[in-house]
Amino acid sequence: MSIIRVALDLPLPQLFDYLAPDASTEDIGYRVSVPFGRNERIGIILDWLDASDQPVDKLKSATVILRDMPRLPDTWLRLCEFCSRYYQAPIGEVTSFALPPMLRRGKLPKLPRAKKIKPDKIKPEPISATVLPTVAIDICAEHAPSHRPPLLMAQQEAVRQIIQADTFQTFLLHGVTGSGKTEVYLHAIAAALVRGEQALMLVPEIALTPQLEGRVRTRFPQANLVVANSSVSDAARARGFLEALASTADIVLGTRLAVFTPMPRLRLIIVDEEHDASFKQQDGVRYSARDLAIWRAHQHNCPIVLGSATPSLESFHHANAGRYRLLALPDRAVAEAPPVVRAVDTRREKLQEGLSAALITAIKQRLARGEQSLVFLNRRGYAPVLACAACGWISRCQHCAANMVVHLADKHLRCHHCGGACAIPHACPDCGNIDIHPFGRGTQRVEAALIEQFPNARVLRVDRDSANNPKKWQTLLASIHAGEVDILIGTQMLAKGHDFPKLTLVGAISADTALFAADFRAPERLFSQLMQVGGRSGRANLPGEVLIQTEHPTHPLYQALIDHDYARFAQSQLDERKTAGFPPFTFQAMLRAESPAMGDTVAFLMQAREAAEQVALHIIGHPVTLFDPVPMRLHRLMAQERAQLLVESNNRPALQHFLAAWHPALHALKRHRKVRWHVDVDPLEF
Ligand code: ADP
Ligand code: ZN
Ligand code: ZN
């Protein structure tokens, strides 16, 4: 008998057997169309068997094996299997998710004639036949006869170590913005291309700008560069995937989803801004692209470079422990000195719409010198809430445990969690009082204040409202670059991966809120945001200045920023986390549930906890700690009442072992039919 075992995109943990008389083990990795229920579905063949453990008369026949696309290689299938196992996601969901949507639907993109890919044809074509030079400088010269300045010593050393690693090794490239990390990546990629190898470069969601793409393209004009992110068209994504699979793509550059690009000649992985939270997917398959990338490097036995100005505490901890090799770029490549960071004590000052006198003066100086300033505030909208002083009414979202944000630009109240919106009421909906006011401050309000304060300056706001599609975003970036802007007001959108030569002042006006947040990762995020946004200033021979308005000027986090001392900050955070028993000293998984009623949600979690107690009894060696179910901080979202249950262990395999046993038990639990749940392994959000 000839049976294929198929992964289908269903929220079920198992594979599905089908009869396929014409199949063989050679078909593993092909897409297949099969009947399921009343429909046809596309799946991927993961195994071939000569017998099924199910009665043969129950088996249906596969409709057709789609051999028109090359088989997905074993390495790719194993990556998906690992992802499924580690993140407790059904294998069929993973394999489906890992494919570009067009291929997922069983289709193929039209290929340009010249590029038509023959099934299973894997032909590595080195870019250049030269013998691998041992020094990076040679490779650089090899590929670019242009007049690029030589690498700094620290850059050279980093490049040397990376290109000499011919087995699995995780490097942590630690260097502030402008220290030349990207140069190091490009040199390492050059070396890989010379050797006829493929390189994969992952970047955070928001940072994938044409700037970086252009830099890679101009550096490697002969290389076939594939860009993979969600704004690439369906057909282009599918094409890129197939080119990588057929080995005709040399470089794959993309956001987290690019980690699933099959690359038979893969020998180098780069994860830029490795600390960035966007590498972790927050819905569906909740994977970390950075962590999967490390697994992949191990699988391909090749080096991986994690780069950051503010490494995640996890990575820093691994580097301290010697598991990762630290490559430090201590100096900026261009500007003479790092920006001067100062805390502006606002305790005894009456701020003008959130702006301190010191910041206003500093902006005036920049205006006089024809330089740019950036005011950083991580809250979009005009004000976080509208309130009635007479009766206490506030603009709550009907569907979420959150306030509706005042958006004056289009005169709406908006919930930033569910997207719900309504017109701004003219009077209090409860008592009719017309004297209702916005409270607090968002980017729109500061924009208005800046315009009033500096009537002759050109003020530009950049946030998810003003740059709500890639095209608008590009237009905004272009006008900043063209020097058509004097003062920028923006959220963290502006912090990542942009190089504004005339920007010499950054003012952070509402950083304190993150200092005392309940989430233990908040300080880590704040530090890296301020460091990153500060790194925007003073890049091109103009000295930069960063002003942080705060009521806690002596706080160690700000003091470490002032001293440019990431290591001190990181070490103090790690000490705190060790004492508190937080990651990276423990490993966590979160079971989250939601339903229209908190009672049903919690009842499910209580049952889950009972099941967990049974399972945990059987985990020997390292204990697994179970916490009580608690409502989530945003306990109502889109009319769903949400709660969570945390599971922890100081041993990763023990936690994995536990989850593997617990997950099937969760599926078997009887629950209210409206309860939905998921498991999040290594959760970032609490
Ligand atoms: P990062 O990725 O760390 O922010 P980049 O690689 O983008 O740093 O480098 C910052 C700027 O410095 C870029 O304009 C780059 O061209 C330049 N640069 C990098 N390395 C050198 C070097 N060795 N000599 C001169 N300029 C350099
Ligand atoms: Zn009222
Ligand atoms: Zn809402």
Side-chain angles (χ1 to χ4, degrees), residues 136-137 140 144 146-159 173-189 201 203-204 207 209 211-212 214-216 218-219 270-274 305-311 327-336 338 385-405 412-422 425-437 495-501 531-532 534-541 634-640 642:
I137 303 297
C140 183
S146 68
H147 304 288
R148 224 173 308 115
L151 292 177
L152 304 173
M153 286 299 278
Q155 286 175 310
Q156 276 187 45
E157 178 56 18
V159 172
L173 181 64
H174 178 207
V176 294
T177 316
S179 60
K181 294 186 295 298
T182 310
E183 266 321 298
V184 170
Y185 305 148
L186 294 175
H187 278 72
I189 291 173
M201 182 167 177
V203 294
T209 62
Q211 256 175 318
L212 177 62
R215 204 163 152 190
V216 176
T218 32
R219 188 63 67 91
I270 290 157
V271 183
D272 190 28
E273 311 283 4
E274 64 90 24
V305 184
L306 309 179
S308 177
T310 51
L327 305 170
L329 302 181
D331 303 310
R332 282 189 157 200
V334 270
E336 300 297 307
V385 68
L386 187 68
C388 168
C391 76
W393 172 87
I394 58 170
S395 55
R396 281 196 190 287
C397 176
Q398 292 182 349
H399 313 288
C400 308
N403 294 331
M404 305 275 278
V405 176
H412 271 71
L413 295 177
R414 272 217 167 79
C415 173
H416 287 186
H417 298 283
C418 70
C422 63
H426 295 294
C428 171
D430 278 4
C431 75
N433 171 23
I434 51 164
D435 200 21
I436 50 177
H437 292 286
K496 292 181 192 173
H498 304 287
D499 200 347
F500 304 134
M531 189 92 169
Q532 211 159 24
R536 297 297 125 216
S537 72
R539 293 200 81 184
N541 297 324
L634 184 64
H635 55 89
R636 217 163 98 88
L637 175 66
M638 298 196 208
Q640 297 287 314
R642 318 189 310 154

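All residue numbers in this chain count up from 1 along the given sequence. When a ligand or atom number is given, it counts from 1 through the structure's own listing order.
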**Prompt:** Which of the numbered atoms in ligand 1 are below 4.0 angstrom from a heavy atom of A333?
**Reply:** 12 (O), 18 (N), 19 (C), 20 (N), 21 (C), 27 (C)
**Request:** Check whether any side-chain N or O of H437 sits under 3.5 Å from a backbone N or O of L386 as a donor-acceptor pair, and report yes or no.
**Result:** no
**Item:** Nearest heavy atoms of I434 and A427, plus distance in Å
**Value:** CG2-CB, 3.8 Å
**Asked** Between the side chain of R642 and the main-chain N/O of L634, is any donor-acceptor distance below 3.5 Å?
**Response** yes
**Item:** Enumerated ligand 1 atoms positioned under 4.0 Å from heavy atoms of L152
**Value:** 23 (N)
**Prompt:** Would you say R332 touches ligand 1, if touching means a heavy atom closer than 4.0 Å?
**Reply:** no
**Asked** Roughly how far apart are H174 NE2 and L329 CG, rounded to 0.5 Å?
**Response** 9.0 Å
**Request:** Find the distance between CE (M531) and OG (S308) and round it off to the nearest 0.5 Å.
**Result:** 9.0 Å
**Request:** Tell me, please: is G175 in heavy-atom contact with ligand 1, that is, under 4.0 Å?
**Result:** no
**Item:** Closest approach of H412 to A421 (non-hydrogen atoms, all atoms of both residues)
**Value:** CD2-CB, 4.1 Å
**Prompt:** Counting heavy atoms only, which part of P150 comes closer than 4.0 Å to ligand 1: side chain, backbone, both or neither?
**Reply:** backbone
**Flag side-chain contact, heavy atom, 4.5 Å: T177 against R536** = yes
**Message:** Set out, in order, the CA-CA distance, both residues' side-chain angles and the distance that settles side chain to side chain contact (heavy atoms under 4.5 Å, CB included) for L212 and M201, then state yes or no.
**Reply:** CA-CA 11 Å; L212 177 62; M201 182 167 177; 4.2 Å; yes
**Request:** Flag E183 as yes when one of its N or O atoms lies below 3.5 Å from any N or O atom of ligand 1, and as no otherwise.
**Result:** yes
**M153, E273, R215: member with heavy atom nearest to atom 5 (P) of ligand 1** = R215
**Message:** Tell me if a side-chain donor or acceptor on R636 pairs with a main-chain N or O of Q398 at a distance below 3.5 Å.
**Reply:** yes
**Item:** Presence of salt bridge, E183 and R215, under 4.0 angstrom
**Value:** yes
**Request:** Calculate, to the nearest 0.5 Å, the distance between atoms CG and CD1 belonging to L186 and I270 respectively.
**Result:** 7.5 Å
**Asked** Which atoms from ligand 1 have a heavy atom of K181 less than 4.0 Å away?
**Response** 1 (P), 2 (O), 3 (O), 6 (O), 8 (O)
**Message:** Restricting to under 2.8 Å, identify the protein N, O or S atoms around the Zn ion (ligand 2) as residue plus atom.
**Reply:** C388 SG, C391 SG, C428 SG, C431 SG
**Prompt:** Heavy-atom contacts under 4.0 Å between V176 and ligand 1: side chain, backbone, both, or neither?
**Reply:** backbone
**Item:** Beyond-backbone contact of W393 with P429, side-chain heavy atoms, under 4.5 angstrom
**Value:** yes
**Message:** Residue-level breakdown please: for R148 versus ligand 1, do any non-hydrogen atoms fall below 4.0 Å on the side chain, on the backbone, on both, or on neither?
**Reply:** neither
**Environment of the Zn ion (ligand 3) in terms of protein N/O/S atoms, cut-off under 2.8 Å** = C397 SG, C400 SG, C415 SG, C418 SG
**Item:** Beyond-backbone contact of S179 with L152, side-chain heavy atoms, under 4.5 angstrom
**Value:** no
**Fill in**
Of P149, P501, G307, G535, the residue with the heavy atom nearest atom 25 (C) of ligand 1 is P149
**Item:** L173 side, atom CG; D272 side, atom CG - distance, nearest 0.5 Å
**Value:** 9.0 Å
**Prompt:** Roughly how far, to the nearest 0.5 Å, is the SG atom of C388 from the CD1 atom of I436?
**Reply:** 7.0 Å
**Request:** Within a distance under 4.0 Å of any heavy atom of L151, pick out the atoms of ligand 1 and give their elements.
**Result:** 23 (N)
**Asked** What distance do M638 atom CE and H417 atom NE2 have between them, rounded to the nearest 0.5 Å?
**Response** 10.5 Å
**Message:** Show the atoms of ligand 1 that are less than 4.0 angstrom away from any heavy atom in S179.
**Reply:** 3 (O), 8 (O)
